[in-house]
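When reading the values below, keep in mind they use all heavy atoms of this one structure, side chains included, and skip hydrogens, waters and symmetry mates. Note that the numbering runs from 1 along the sequence shown for the chain. If you're wondering where the values come from, they're calculated on a predicted model, not measured in any experiment.
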Amino acid sequence: MAEAYDPNNVFAKILRGELPCKKVHETRHCLAFHDINPLAPIHVLVIPKGAYVSMEDFSAKASAEEQADFIQAIGETARIVGAVAGGYRILANSGANANQEVPHLHMHIFGGRYLGRMLKKEGE
Ligand code: 5GP
């Protein structure tokens, strides 16, 4: 069963306007903003406005309209930040094995440099 949503997580506070963010794009159901601790020249986050912990939670409970909006917002955000020409990576961490730190679904968009292989093999 999915973890209960914590309304005090940092992204919930950004959505309520209690914390600032450097906004890149906004749609009816999503917000995109720069990551506070960027790991690449381009590092932005796209989040649904609804209270979803993870992709598991979102895919099970969000409406078709919210899900379509999320996919479109990810693509449009990548275009807005200029990630498309050089290539980019999207990544969503879910749960403990993925080291998810903020329990509100977010898609990372990384770009602006060569990003290497997607994961190190065990022992590498
Ligand atoms: P996760 O490990 O959960 O996939 O990634 C969480 C991301 O959220 C990290 O890259 C971290 O830098 C970012 N982050 C954490 N707190 C804030 C914040 O208050 N504002 C912004 N813009 N990003 C944050």
Side-chain angles (χ1 to χ4, degrees):
M1 203 174 82
E3 182 188 339
Y5 185 78
D6 171 9
N8 289 318
N9 76 76
V10 288
F11 296 165
K13 290 180 180 175
I14 286 173
L15 285 168
R16 289 195 297 268
E18 295 165 14
L19 284 177
C21 74
K22 284 167 69 181
K23 184 164 100 175
V24 172
H25 182 47
E26 185 167 7
T27 65
R28 182 164 179 214
H29 296 292
C30 296
L31 182 67
F33 51 90
H34 291 278
D35 195 288
I36 203 167
N37 185 21
L39 298 175
I42 295 171
H43 186 176
V44 293
L45 303 169
V46 185
I47 67 172
K49 291 179 180 172
Y52 303 106
V53 177
S54 64
M55 185 58 84
E56 161 57 23
D57 197 19
F58 183 71
S59 59
K61 296 184 196 154
S63 68
E65 185 182 315
E66 287 174 287
Q67 298 199 31
D69 188 88
F70 187 52
I71 295 296
Q72 287 162 10
I74 293 163
E76 183 61 11
T77 300
R79 286 188 280 276
I80 290 169
V81 296
V84 175
Y88 63 97
R89 177 171 296 155
I90 58 174
L91 182 150
N93 293 314
S94 280
N97 277 351
N99 198 53
Q100 181 180 5
E101 288 176 356
V102 179
H104 181 115
L105 172 62
H106 48 285
M107 190 69 77
H108 296 260
I109 302 176
F110 300 105
R113 67 166 168 82
Y114 177 65
L115 297 164
R117 291 176 60 202
M118 58 182 167
L119 271 189
K120 285 187 176 170
K121 284 188 181 165
E122 218 164 347
E124 248 182 327

Side chains of [X] and [Y]: closer than 4.5 Å at any heavy-atom pair?
{"X": "Arg89", "Y": "Ile109", "value": "no"}
{"X": "Ile47", "Y": "Tyr52", "value": "no"}
{"X": "Cys30", "Y": "Gln72", "value": "no"}

*Please check if atom CG in Asn97 has more than 12 non-hydrogen atoms from other residues, nucleotides or ligands closer than 6.0 Å.*
no
_Other residues, nucleotides, ligands: >12 heavy atoms within 6.0 Å of Arg28 CZ_ = no
For [Y], is there any backbone N or O sitting under 3.5 Å from a side-chain donor or acceptor partner on [X]?
{"X": "His29", "Y": "Thr27", "result": "no"}
{"X": "Asp57", "Y": "Val53", "result": "yes"}
{"X": "Gln100", "Y": "Gly95", "result": "yes"}
{"X": "His34", "Y": "Leu45", "result": "no"}
{"X": "Gln67", "Y": "Ala62", "result": "yes"}
{"X": "Glu66", "Y": "Ser63", "result": "yes"}

*Between Phe33 and Phe11, ring centroids under 6.0 Å*: yes
*Taking all heavy atoms of Leu105 and all of Ser54, pick out the closest pair and write down the distance.*
CD1-C, 3.8 Å
*Provide the closest heavy-atom pair for Asn93 versus Leu91 in the form atom of the first, atom of the second, distance.*
OD1-CD2, 3.4 Å
*Is Lys49 salt-bridged to Glu26, going by a charged N under 4.0 Å from an acidic O?*
yes
*Are Val84 and Val24 connected in a single hydrophobic cluster, I mean Ile/Leu/Val/Met/Phe/Trp/Tyr linked by side-chain heavy atoms less than 4.5 Å apart?*
yes
*Does anything in residues 107-124 pair up under side chain to side chain donor-acceptor pair (under 3.5 Å), and if so which pairs, sequence neighbours excluded?*
His43-His108
